[in-house]
Amino acid sequence: MSLKGEHIVFFSQMQFDGKLASTNYTIARHLAKNNYVYFVDRPYTWKDYFQFKDTQSFNIRKRHFFSATNSYIQSDIPNLKIIICPPVPSINVLPEGPAYRLAVKFNEWIVATRLKRALKTHGVSDYIYINSYNFSYPTLHRLLNPSLTVYHCVDPIIEDYQLKHGVHNEELLVKSVDLVVCTSKELTNQKAQLNRNAYFVANAASLAHSQRALDPNLPLSPIFDQIKKPVIGYLGAIERRIDYNMMKQVIALNPDKSFVFIGPVDKTYLHGGGFSAPNLHLPGPVSYNDMPGVLKGFDVGIIPFKKDDVSNNIFPLKLFEYMGAGKPIVATDFNDDLKNFTFDTVPYCRNAEDFSAGINDALDDTPFKQQQRFTIAANNTWEHRIEQLEEILAAGLAQKR
């Protein structure tokens with residue numbers, strides 16, 4: 001069942017121009033190929049408004065914040081508009097209770113008022129509403145009257161600032177929408193206890209973008225100018241999910257290799273500077289456009305996540321990004337579901353010794369092994385996932401209508 005010509009309001013937890021590519025905006029862009037998508041950028045809070053004033057991100061939004069008639073940015077895709085909402089009060093500091101719940105309703109009213117005006121301007125009354133992990137607005141859809149309501153759950157709630165209100169907010173959201181789409185089987189099983197219409201649609205990657213790393217004419221990222229080979233690389237956020245204790249052992253076991261962790265660093269989890277070594281490099285984040293030049297410099301891509309109840313809910317984008325670039329992969333055994341996608345092409349390791357052995361085996365790569373990874377990556381593109389998602393949305397919409 002195809003989904004074409006529908007209007008979709010996509011309310012995101014991420015901003016469209018963030019430093020890292022987001023699942024939310026990627027999905028919205030793909031949905032806009034055959035539908036009309038209104039991507040609602042995560043609203044600035046009052047705190048954000050003053051903290052980021054005069055930054056590039058702020059200036060892009062500045063003229064849209066308070067304009068009821070100029071509330072959207074036209075993207076490079078004709079069918080994709082980015083709705084900018086007025087700043088909302090910062091309310092996460094409030095304790096759970098009547099005052100916080102009233103504040104939530106006020107923020108939802110601000111966003112709903114902007115959305116209603118924008119949709120009316122474009123003559124839209126029949127549409128799908130997707131809340132993509134923005135559980136801070138758990139009942140916004142009740143103010144909008146969409147034809148189908150969807151919650152898109154992309155991660156477990158783990159950070160302290162999220163846990164304060166997020167668990168309860170997300171429960172309200174999951175219970176009140178028509179269907180839920182999750183990015184891991186474990187998340188799907190959890191949400192199915194609250195909403196029987198819960199579906200699993202795994203993360204994917206842009207094969208064309210990753211495969212740019214194979215272009216002999218593509219310049220290597222300057223990050224590697226002073227870094228010796230072989231390079232064991234990680235691309236992504238450097239935060240809670242990484243098994244730092246294991247990686248310190250792995251790095252010590254392999255002094256002849258350079259370990260390069262590329263991404264934004266949350267210093268909270270670096271154990272007071274204890275995550276350091278002569279052969280460890282933390283150059284910081286790179287843009288999505290620069291990702292192929294970074295992947296080109298990797299000899300092995302790693303996913304060294306801790307095995308716990310949180311990581312068991314994670315389906316990392318980088319799995320298929322590494323594969324699309326032809327890179328051998330070594331990962332921990334944090335999520336058993338991944339084996340169903342990668343078969344025997346990726347070792348899922350239990351400890352530092354296994355991980356170190358996996359790296360050494362991965363460095364002995366062959367064209368046959370690389371071709372296996374290309375085949376898997378080709379079967380796990382965003383185009384495949386969007387087809388699956390559109391079938392779910394079309395079926396849900398047909399049932400509601």
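The figures here come from the full heavy-atom set of this structure, side chains too, leaving out hydrogens, waters and symmetry mates. In this chain, residues are counted from 1 in sequence order.
- Judged purely by distance below 3.5 Å, without hydrogens or angles, the side chains of Thr113 and Arg117 never pair a donor atom with an acceptor atom.
- His281 contributes no side-chain N or O that, together with a main-chain N or O of Phe224, makes up a donor-acceptor pair within less than 3.5 Å.
- In this structure, Trp109 and Phe106 have parallel ring planes: the angle between them is below the 30° cut-off, well short of the 60° mark.
- A donor-acceptor contact closer than 3.5 angstrom links the side chains of Thr268 and Asp266.
- For the 3.5 Å distance criterion, the side chains of Thr381 and His384 qualify, holding a donor opposite an acceptor.
- Classification of Asp48 and Arg42 as a salt-bridged pair fails, no side-chain N sitting under 4.0 Å from a carboxylate O.
- With no hydrogens or angles considered, a side-chain donor-acceptor pair links Asn313 and Gln190 at under 3.5 Å.
- In this structure, CG in Leu187 is found 13.0 Å from NZ in Lys185, a value given to the nearest 0.5 Å.
- Of the options Phe52, Phe58, Trp46, a ring-ring contact (aromatic ring centres under 6.0 Å, His included) to Phe65 is made by Phe58 and by none of the others.
- The ring of Tyr127 has its center no closer than 6.0 angstrom to the ring center of His122.
- Ile60 CD1 to Ile73 CD1: the interatomic distance, rounded to the nearest 0.5 Å, is 6.5 Å.
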CA sep, side-chain torsions, deciding dist, call: Tyr348, Thr342, side-chain hydrogen bond (donor to acceptor under 3.5 Å, both in side chains): CA-CA 10 Å; Tyr348 294 98; Thr342 61; 2.7 Å; yes
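- Going from atom NZ of Lys33 over to atom NZ of Lys4 covers 13.0 Å, rounded to the nearest 0.5 Å.
- The main-chain N or O of Leu80 is found under 3.5 Å from a side-chain atom of Gln74 such that the two form a donor-acceptor pair.
- Under 4.0 Å is where a charged nitrogen must lie from a carboxylate oxygen, and between Glu96 and Arg101 at least one such pair does.
- Of the possible donor and acceptor atoms, one in the side chain of Asn335 sits under 3.5 Å from a partner among the backbone N and O of Asp337.
- Classification of the Phe341-Phe315 ring pair by plane angle, with boundaries at 30° and 60°, yields perpendicular.
- Aromatic pair Phe39/Tyr25: ring centres closer than 6.0 Å.
- Looking at Thr188, its side chain does come within 3.5 Å of a backbone N or O of Ser184 through a donor-acceptor pair.
- A donor-acceptor pair under 3.5 Å is absent between the side-chain atoms of Tyr36 and the main chain of Val9, judged by distance alone.
- For Tyr137 and Phe135, the ring centers sit 6.0 Å or farther from each other.
- Taking CZ from Arg212 and CE from Met291, the interatomic distance works out to 9.0 Å, rounded to the nearest 0.5 Å.
- Using a 4.0 Å cut-off between a side-chain N of Lys or Arg and a carboxylate O of Asp or Glu, Asp299 and Lys229 qualify as a salt bridge.
- To the nearest 0.5 Å, atom OG of residue Ser125 and atom NZ of residue Lys120 are 12.0 Å apart.
- Formation of a donor-acceptor pair under 3.5 Å by the Asn35 side chain with backbone atoms of Glu6 is found in this model.
- Between Asn203 and Trp382, some side-chain heavy-atom pair lies under the 4.5 Å cut-off.
- With respect to Lys191 and Glu170, a salt bridge is recorded, a charged nitrogen being found less than 4.0 Å from a carboxylate O.
- Using a 4.5 Å heavy-atom cutoff, the side chains of Asp333 and Lys307 are in contact.
- Taking OG from Ser206 and CZ from Phe320, the interatomic distance works out to 13.5 Å, rounded to the nearest 0.5 Å.
- The pair Lys369-Asp364 does not count as a salt bridge, with every side-chain nitrogen at least 4.0 angstrom from each carboxylate oxygen.
- With Asn131 contributing its side chain and Tyr151 its backbone, the two residues share no donor-acceptor pair below 3.5 Å.
- A salt bridge links Asp308 with Arg240: the distance from a Lys NZ or Arg NE/NH1/NH2 to an Asp or Glu carboxylate oxygen falls below 4.0 Å.
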